[in-house]
J.: 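Input: one structure, supplied below.
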4 protein chains.
Amino acid sequence: MTVVEADSGGRLRADAERNRARVLDAAQVVFGRDGPSVGVDAIACEAGVGVGTVYRRFPTKQDLLRAVIERLGDQIVEEVAATATDAPPGERFDAVFSTLAVRYAGSRALVDAVNADEAGAEEIPVFRARVERALRPVVEAAQGAGAVRRDVRATDVIGLAGATSLLAPPHVTGDAGLWLRARSVVLDGLRPDAATPFPDDAGPAGPDAAR
Amino acid sequence: MTVVEADSGGRLRADAERNRARVLDAAQVVFGRDGPSVGVDAIACEAGVGVGTVYRRFPTKQDLLRAVIERLGDQIVEEVAATATDAPPGERFDAVFSTLAVRYAGSRALVDAVNADEAGAEEIPVFRARVERALRPVVEAAQGAGAVRRDVRATDVIGLAGATSLLAPPHVTGDAGLWLRARSVVLDGLRPDAATPFPDDAGPAGPDAAR
Amino acid sequence: MTVVEADSGGRLRADAERNRARVLDAAQVVFGRDGPSVGVDAIACEAGVGVGTVYRRFPTKQDLLRAVIERLGDQIVEEVAATATDAPPGERFDAVFSTLAVRYAGSRALVDAVNADEAGAEEIPVFRARVERALRPVVEAAQGAGAVRRDVRATDVIGLAGATSLLAPPHVTGDAGLWLRARSVVLDGLRPDAATPFPDDAGPAGPDAAR
Amino acid sequence: MTVVEADSGGRLRADAERNRARVLDAAQVVFGRDGPSVGVDAIACEAGVGVGTVYRRFPTKQDLLRAVIERLGDQIVEEVAATATDAPPGERFDAVFSTLAVRYAGSRALVDAVNADEAGAEEIPVFRARVERALRPVVEAAQGAGAVRRDVRATDVIGLAGATSLLAPPHVTGDAGLWLRARSVVLDGLRPDAATPFPDDAGPAGPDAAR
DNA sequence: CATGAATGAGGCTTCATTCAT
DNA sequence: GATGAATGAAGCCTCATTCAT
């Protein structure tokens with residue numbers, strides 16, 4: 001059965017890797033579209049492979065979901081790093097915020113998984129930490145440039161972007177403007193001149209207060 | 001038919017009604033905690049009744065979910081009407097915003113179901129309309145008092161409160177301050193003096209622009 | 001509770017008996033219409049009583065079905081005894097045959113129960129025996145008058161009537177003539193002049209060969 | 001996709017087909033024995049497979065029942081076509097009648113489902129039409145040969161065979177002769193010399209009167 | 001005693017996972 | 001290694017039966 005050709009090992013491994021990527025692509029699309037409760041069959045179908053192949057690469061649906069979240073982290077880190085690099089810090093901040101929210105919005109899997117502990121529980125903190133590490137310089141640069149109030153943390157920005165993403169398509173379908181207005185409001189609320197001091201028990205962010 | 005006490009029917013119905021309430025209570029808690037995908041058995045168990053009892057009152061799981069959403073609407077309307085009635089419009093607005101977000105946070109079922117239409121699709125518009133009707137006077141009073149920017153609609157406020165609720169307990173457990181800071185940011189963003197005009201295609205809200 | 005009036009025992013017993021009859025009436029109608037798989041609730045509803053009352057009179061759905069079958073036996077015996085009493089034996093036979101088939105046709109409960117052992121297993125032989133006892137004189141009189149072949153038994157006639165009933169309304173709805181033609185064919189087959197001798201292993205009926 | 005034997009798909013499908021046949025066999029037996037209300041588990045068990053396998057082949061219990069009915073049609077058509085092909089028309093008619101009745105007797109599901117439309121409602125007319133088409137030449141040949149009265153239709157014969165099947169094994173176990181005698185009676189009733197003209201409203205069958 | 005609410009086992013169906021091909 | 005058929009636990013729902021009122 002396995003004896004096919006001399007270099008089959010190499011060829012197969014390449015094939016396998018390609019298959020893994022296809023499954024992951026499909027999973028991201030389908031989880032993003034239908035949420036984590038979607039069947040594995042749908043993912044296999046979208047990927048154009050059999051379920052068995054999915055399970056060969058990812059022993060569990062959970063593992064697949066985790067991998068999607070991890071990859072989403074990769075993509076966000078990359079995108080953040082590539083977004084509006086040449087713009088002034090304040091504008092860059094706004095652009096990155098949008099990028100983040102749009103990414104989140106396109107992945108109900110993530111939103112749901114972040115909300116419920118049920119899915120990818122262990123990956124979430126890692127995910128958040130990575131995104132935070134990517135975001136922090138952007139936030140700090142904007143704060144340094146006076147474009148963002150100094151008492152918010154990167155985690156706050158991430159939380160707000162995630163929250164705002166709930167109002168973006170495809171989550172909200174009826175009123176496309178809703179998400180734009182909401183983003184605008186949140187960004188306004190992040191300006192220094194709008195800042196009402198945070199309540200005491202919410203404490204201003206010390207440099208190491210994250211998490 | 002036979003000669004029995006006149007109120008026996010009433011007593012039975014009282015008991016049944018009590019049980020219905022228990023089921024609804026349990027459903028609100030469990031749906032709120034675990035989302036709409038939770039099993040009916042879990043709800044029956046939480047309510048301390050058999051599954052059959054649940055199905056006697058609510059012929060379908062969907063019906064139960066709808067009833068929870070409807071009841072949530074009741075509660076929100078009541079709570080909004082009772083929140084900070086004597087405070088000045090601006091303060092009242094802030095308090096109501098918090099009320100709304102906390103209610104939403106306690107019912108992920110709603111956040112999920114309202115945003116994806118998968119659940120209780122017909123109830124959602126009704127629910128939204130009711131909440132909007134309850135909120136609009138509060139928003140308009142605050143706008144009249146100069147405490148809230150004039151170009152946001154009640155639906156925007158509801159959307160933002162719903163979004164922000166993602167960051168409130170019991171969802172986010174690690175960092176209680178996150179939710180307080182996020183709320184603060186959003187409220188700041190809603191002040192008139194922070195307002196950046198909304199982008200054109202998001203359209204400024206006319207006085208009667210509601211949905 | 002039970003202390004109401006002095007003659008309550010008598011009154012109640014009368015009431016109870018009336019209720020039992022109502023339940024039985026309803027059961028016959030509903031079983032006959034919808035088959036034995038129909039829910040007890042439907043019977044209680046038809047009877048205008050609560051399920052509890054049904055279960056007070058008949059500890060089990062099976063018991064109720066058995067009672068219906070028994071009562072059907074009563075009715076058939078009565079009807080047979082009352083059918084075309086003054087007609088000549090041959091005509092009376094035909095009329096009784098029709099009566100039997102129509103009764104059967106109106107009671108899917110019986111047909112199903114007779115077919116499957118599942119229901120009323122013990123009642124069936126009793127039922128059959130009673131019907132046979134009622135039918136035998138009619139058959140024998142017709143045989144004596146030369147209107148029916150001599151080698152059929154009463155059980156054969158019962159079987160054929162039951163079988164033919166499958167083709168009567170409400171079982172067969174599309175073609176009302178079907179049942180009439182089928183009955184005609186069977187009755188013709190029962191005439192002496194049509195008789196092909198029964199095959200050997202089906203043996204002509206000895207006087208005590210029944211069952 | 002990858003390089004595998006060309007016929008692997010074929011082999012898989014062969015296995016699946018074999019399993020499908022096993023499920024169908026089992027369903028025919030079990031439905032035939034216990035009626036359409038029997039549990040799917042019982043069928044799966046009889047087939048020696050899990051319930052999931054049943055549902056892979058037949059998305060619904062109804063579908064399975066329909067398939068059984070369809071297959072029964074196949075079998076009847078085949079059997080009729082193969083029964084006593086060389087015998088004279090009259091004898092062939094008798095043999096076919098028996099074949100039909102025995103087949104029906106082995107499938108109470110059909111008798112029940114065909115008469116009440118509760119099951120596989122759409123398949124029933126198709127089934128009936130197929131059986132009728134198979135039977136009509138046999139009936140007409142026998143009529144042409146003077147072995148069967150000319151005023152019966154193929155549908156009448158089918159109805160009578162179905163009805164008579166109620167008395168055949170395995171339904172009636174106690175008295176094997178009953179079914180033989182009943183068959184004999186019905187066949188006698190179908191002879192031309194026994195014929196009593198059908199009552200008017202049952203209409204004599206014109207040559208093309210089929211349904 | 002009548003009522004109908006409560007119960008929970010059992011039926012149909014889905015889907016994550018395993019395994020023969 | 002890929003495939004998709006097989007598996008069976010678990011979910012939704014029904015209904016025969018019991019029990020509080």
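Small disclaimer: the values here were computed from a predicted structure and weren't measured.
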J.: List in numerical order all residues of residues 51-60 of chain B for which some heavy atom is under 4.0 Å away from an atom belonging to DNA chain F.
T.: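 Residues of residues 51-60 of chain B under 4.0 Å from DNA chain F: B:Y55, B:T60.
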
J.: Start with the C-alpha gap between D:Y55 and D:V40, add the side-chain angles, then the distance that decides, and say whether side chain to side chain contact (heavy atoms under 4.5 Å, CB included) holds.
T.: CA-CA 9 Å; D:Y55 277 92; D:V40 173; 3.5 Å; yes

J.: Between C:V40 and B:V40, which residue's closest nucleotide on DNA chain F lies nearer the 5′ terminus?
T.: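 Nearest-nucleotide comparison on DNA chain F picks B:V40.
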
J.: Can you check the C:L65 CG to F:dA16 C1' distance for me, whole Å?
T.: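 To the nearest whole Å, that distance equals 14 Å.
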
J.: A:V29: which residues meet the side-chain contact (heavy atoms from CB on, under 4.5 Å) condition with it, sequence neighbours left out?
T.: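 Only A:R33, A:E46 meet the side-chain contact (heavy atoms from CB on, under 4.5 Å) criterion with A:V29.
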
J.: Output the single nucleotide from F:dA16, F:dA5, E:dA2 whose closest atom is nearest the side chain of D:A16.
T.: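 The answer is F:dA5, which lies nearest to the side chain.
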
J.: Describe the nucleic acid contact of D:V38 in one word from base, sugar-phosphate, nothing, applying a heavy-atom distance below 4.0 Å.
T.: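 The residue D:V38 makes sugar-phosphate contact but no base contact.
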
J.: Can you find a side chain N or O atom of B:N19 that sits less than 4.0 Å from OP1 or OP2 on E:dA5?
T.: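 Negative; the distance criterion is not met.
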
J.: Would you mind reporting whether D:R66 and D:D63 have side-chain heavy atoms less than 4.5 Å apart?
T.: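 When only atoms from C-beta onward are counted, D:R66 and D:D63 do touch, with a gap below 4.5 Å.
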
J.: Can you tell me how far P of F:dG4 sits from CD1 of A:I43, to the nearest Å?
T.: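 So the CD1-P distance, A:I43 to F:dG4, works out to 16 Å.
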
J.: Checking C:R57 side chain against C:R20 main chain: does a donor-acceptor pair fall under 3.5 Å?
T.: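 Not confirmed, C:R57 side chain does not pair with C:R20 backbone.
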
J.: What residues form a side chain to side chain donor-acceptor pair (under 3.5 Å) with D:D41, not counting sequence neighbours?
T.: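 Per chain and number, D:D41 pairs via side chain to side chain donor-acceptor pair (under 3.5 Å) with no residue.
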
J.: Between atom CZ in C:R20 and atom C1' in E:dA2, what is the gap in whole Å?
T.: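 So the CZ-C1' distance, C:R20 to E:dA2, works out to 17 Å.
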
J.: In whole angstroms, how far is the P atom of F:dC13 from the NZ atom of D:K61?
T.: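 So the two atoms are 18 Å apart, to the nearest Å.
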
J.: Partners of A:R71 by side-chain contact (heavy atoms from CB on, under 4.5 Å), sequence neighbours excluded?
T.: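 For A:R71, the residues satisfying side-chain contact (heavy atoms from CB on, under 4.5 Å) (neighbours in sequence not counted) are A:L24, A:D25, A:Q28, A:Q75.
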
J.: Tell me the interatomic distance from C:R22, atom CZ, to E:dA2, atom C1', rounded to whole angstroms.
T.: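 One finds 11 Å between C1' of E:dA2 and CZ of C:R22, rounded.
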
J.: Would you call B:F31 and B:I43 a side-chain contact if the rule is heavy atoms closer than 4.5 Å?
T.: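 A side-chain contact exists here, since the closest heavy-atom pair is under 4.5 Å.
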
J.: Whole Å only: how far is the CG atom of D:D41 from the P atom of F:dT7?
T.: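 That distance rounds to 13 Å.
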
J.: Atom CD of B:E17 to atom C1' of E:dA6: distance rounded to whole Å?
T.: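 After rounding, the gap between these two atoms is 15 Å.
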
J.: When you look for runs of 3 or more Watson-Crick or G-U pairs in a row, both distances below 3.5 Å, which of them include DNA chain E?
T.: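 As far as DNA chain E goes, consecutive pairing (with distances under 3.5 Å) yields the stems E:2-21 with F:2-21.
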
J.: Taking A:G39's backbone N and O only, do any of them form a donor-acceptor pair with A:K61's side chain (distance below 3.5 Å, no angle check)?
T.: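 Here the side-chain-to-backbone pair does not exist.
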
J.: Kindly write out the residues that satisfy side-chain contact (heavy atoms from CB on, under 4.5 Å) with B:T53, not counting sequence neighbours, or none if the list is empty.
T.: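 By the side-chain contact (heavy atoms from CB on, under 4.5 Å) rule, B:T53 matches B:V49.
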
J.: Using whole Å, what does the distance between atom P of nucleotide F:dC15 and atom CZ of C:F31 come to?
T.: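 Rounded to the whole Å, the gap is 13 Å.
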
